[in-house]
Amino acid sequence: MPELPEVQTAIDDLTEAGLPGSRIQSADVRRPATVRPLSPEAFAGQVRGLRFGPIRRHGKFIIFTMSHDFTILAHLRMTGQFELSPLSEGTDPHDRLVFFLEDDRLLRFHDTRTFGRLICTRNPGEVLDRLGPDALDPDLTASFFIRKMRSRHRQIKALLLDQGFIAGLGNIYCDEGLFAARINPLRRSDTLDEDEGVRLFEALRTALRTGLANRGTSLGNGETNYISGGRRGENLRALQIYGRDGENCNRCGGRIEKIYIAQRGTHYCPRCQPLQRK
DNA sequence: AATACAGCCTGGACGC
DNA sequence: TGCGTCCAGGCTGTAT
């Protein structure tokens, strides 16, 4: 599932493949829900003739800077993928939206589970202003993170998943960061001390940077698996805790447990991440 | 304010 | 092999 590292990998791949500079000849919206609340016709009409500029990111949103002051925001949600391919390659039944580019290429939005969304707007702030700072924003500091965290009274895992708090973290990198910082995911955010706050902040950023260096995490082999630029992410082997319930902890040898927090599977080591501080 | 939960989806894993 | 059931989860909307 795409989180910050996977989204950034997708952006890097599209940029490297030379999407910026290409112009949209037409768009074929094959699943109306993908562009809601616009109708497929309205969306296609808005994007026709627009040229792609630089591609940026905030949290898990891909921000396509377009000509004529337009922005296309894309959210991959669970299974969304962009693929840039020659016109001759054709399309796939799971392509929910296909951009026909003037250079005889296709930009295909492939999304098996259909949760992904594209928004074409002149006012991207309407969507992006609801997000907290990006988790890898160079201006984001540990002290800001800790202050904000302590001002809330929530289970720390639930708070980290809240995109209005910090944008970009999802289930995998949250669990990895909490494990590396040795913090129990059920801890209330206002009970973490300064040292724990710094540890968590650094651990989360390290988990994200490692994921990015490995081109993201691909979990399985199937249709719903994360792929970018035709390649799997290699971060699975770096995971210490996510998906390893029932296995032995690499740090202490204890059994890794799985619980549910905020309706998400949460993996942790009870010995390394005790709820009560020693 | 925080929490819970349904809903959106469908491939894949699993049990029988 | 095939069928049924459950699970995965980012995010929104609604209820408590």
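FYI, side chains are in, hydrogens and waters are out, and symmetry mates aren't considered; it's all heavy atoms of this structure. Chain naming here is simple, since letters A, B, ... match the order of the sequence lines and numbering starts at 1 in each.
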| field | E6(A) and Y173(A), any side-chain heavy atoms less than 4.5 Å apart | value |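 The answer is yes; the side chains approach within 4.5 Å.
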| Contact check, side chains of I24(A) and L101(A), non-hydrogen atoms, under 4.5 Å |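 Yes, their side chains come closer than 4.5 Å.
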| query | Thinking salt bridges, do E257(A) and R271(A) make one under a 4.0 Å N-O criterion? | reply |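 Here E257(A) does not pair with R271(A) in a salt bridge, since their nearest N and O are not under 4.0 Å apart.
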Output yes when a side-chain donor or acceptor of [X] lies under 3.5 Å from a complementary backbone atom of [Y], and no otherwise.
X	Y	value
H267(A)	I172(A)	no
D175(A)	I241(A)	no
Q25(A)	D104(A)	no

Using whole Å, what does the distance between atom [atom2] of nucleotide [N] and atom [atom1] of [X] come to?
X	N	atom1	atom2	value
L76(A)	dC11(C)	CG	P	10 Å
L219(A)	dA8(C)	CG	P	12 Å
N171(A)	dC7(C)	CG	C1'	13 Å
R113(A)	dC11(C)	CZ	P	15 Å
M78(A)	dA8(C)	CE	P	10 Å
L169(A)	dG9(C)	CG	P	15 Å
Q263(A)	dC7(C)	CD	C1'	15 Å
R264(A)	dC7(C)	CZ	P	16 Å

Base, sugar-phosphate alone, or nothing: which one does [X] contact when heavy atoms must sit under 4.0 Å apart?
X	value
R31(A)	sugar-phosphate
R188(A)	sugar-phosphate
R154(A)	sugar-phosphate
R117(A)	nothing

| Under 3.5 Å, is there a donor-acceptor pair linking the side chains of N184(A) and K157(A)? | no
| task | Return yes if a side-chain donor-acceptor contact under 3.5 Å exists between E3(A) and Y226(A), otherwise no. | result |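 Note: E3(A) and Y226(A) side chains miss the donor-acceptor criterion.
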| said: With nearest nucleotide decided by heavy atoms, which residue, H75(A) or Y260(A), maps closer to the 5′ end of DNA chain C? | reply: Y260(A)
| message | Could you check, using the six-membered ring where one of them is a Trp, whether F82(A) and F64(A) have ring centers closer than 6.0 angstrom? | response |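 Under 6.0 Å, so yes.
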| Strand-adjacent residues in residues 155-166 of chain A, judged by heavy atoms under 4.0 Å from DNA chain C | Q163(A)
| task | Identify the 5'-most and 3'-most nucleotides of DNA chain B with at least one atom closer than 4.0 Å to a non-hydrogen atom of chain A. | result |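 On DNA chain B, the outermost contacted nucleotides are dA2(B) to dG12(B).
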| message | Can you see if the side chain of K258(A) gets near the phosphate of dA8(C) - specifically, an N or O under 4.0 Å from OP1 or OP2? | response | yes
